[in-house]
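We count residues from 1, following the sequence as given.
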Amino acid sequence: QVQVAESGGGSVQSGGSLRLSCAVSGYNYKVSCLSWFRQGPGKQREGVARIDSLGKITYAESVKGRFIISQENAEKILYLQLNSLKPEDTAMYYCAATPPIFCPSFLDVGSWQYWGQGTQVTVSS
């Protein structure tokens, strides 16, 4: 059974940084498509950053230049470094994974197969 678990959220002031981690277990694939999503209060879930099975990285425009996605394949851990945080970055952050056969865009939230429970990031002004 595939399990996805996020960690690393917290409360920071505007301009601060956080590093989120996502551990994927019970996964038979050596590589996969992985993505970070977030859902702010009263908002729909949106894609933040994605890394496909070939290592190609995509960022949402709202976080480009501030957030960095990376992974350690051997340990199946995905990271999201959040820098220069703004109050509008406040959200529950989720990690999602799919097998490498088909790697959906992070605009296609419903196509991601495995999800974690999320980790809360709160940014105060």
Which residue pairs pass the salt bridge (charged side-chain N to carboxylate O under 4.0 Å, His left out) test when at least one of the two sits in residues 33-48, sequence neighbours left out?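 Non-adjacent pairs meeting salt bridge (charged side-chain N to carboxylate O under 4.0 Å, His left out): Arg38-Glu46, Arg38-Asp89.
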
Only pairs at least two apart or in different chains count here, so list each salt bridge (charged side-chain N to carboxylate O under 4.0 Å, His left out) that has a residue in residues 55-64.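 Residue pairs with at least one partner in residues 55-64: Glu61-Lys64.
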
Going by side chain to side chain donor-acceptor pair (under 3.5 Å), name the residues that satisfy it together with Ser111, two or more places apart in sequence or in a different chain.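 For Ser111, the residues satisfying side chain to side chain donor-acceptor pair (under 3.5 Å) (neighbours in sequence not counted) are Asp108.
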
Taking only residues two or more places apart in sequence or in another chain, which ones pass side chain to side chain donor-acceptor pair (under 3.5 Å) with Ser17?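 Once residues adjacent in sequence are excluded, the partners of Ser17 under the side chain to side chain donor-acceptor pair (under 3.5 Å) criterion are Asn83.
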
Does [X] reach the side chain of [Y], with side-chain heavy atoms less than 4.5 Å apart?
| X | Y | answer |
| --- | --- | --- |
| Ile69 | Leu78 | yes |
| Thr90 | Val121 | no |
| Ser14 | Pro87 | yes |
| Tyr79 | Leu20 | no |
| Phe67 | Leu82 | yes |
| Arg50 | Cys103 | yes |
| Thr98 | Tyr114 | no |

Any pair counted as ring-ring contact (aromatic ring centres under 6.0 Å, His included), so long as it reaches residues 88-112, sequence neighbours left out: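 For residues 88-112: Phe37-Trp112.
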
Looking at Glu88, I want to see if its CD is surrounded by more than 12 non-hydrogen atoms of other residues, nucleotides or ligands under 6.0 Å.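 Atom CD in Glu88 is crowded, with more than 12 foreign heavy atoms closer than 6.0 Å.
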
Residues that, via side-chain heavy atoms closer than 4.5 angstrom, fall in one hydrophobic cluster with Leu54: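 None, because no other hydrophobic side chain comes under 4.5 Å of this residue.
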
To the nearest 0.5 angstrom, please state how far the [atom1] atom of [X] sits from the [atom2] atom of [Y].
| X | Y | atom1 | atom2 | result |
| --- | --- | --- | --- | --- |
| Ile101 | Cys33 | CD1 | SG | 10.0 Å |
| Ile51 | Ser70 | CD1 | OG | 7.5 Å |
| Thr58 | Asp52 | OG1 | CG | 7.0 Å |
| Glu6 | Cys22 | CD | SG | 5.5 Å |
| Ser32 | Lys76 | OG | NZ | 8.0 Å |
| Met92 | Gln39 | CE | CD | 9.0 Å |

Check for me, please, whether [X] and [Y] land in the same ILVMFWY cluster - side-chain distances under 4.5 Å, paths through other members count.
| X | Y | value |
| --- | --- | --- |
| Val109 | Trp36 | no |
| Ile57 | Leu107 | no |
| Val2 | Leu34 | yes |

Which atoms form the tightest heavy-atom contact between Gln113 and Pro99, and what is the distance?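 Distance-wise, the nearest heavy atoms are OE1-CD, 3.3 Å.
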
Test your reading of the model: is there a side-chain donor-acceptor pair from Ser35 to the backbone of Ala96, 3.5 Å cut-off?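 No: the side chain of Ser35 does not pair with the backbone of Ala96.
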
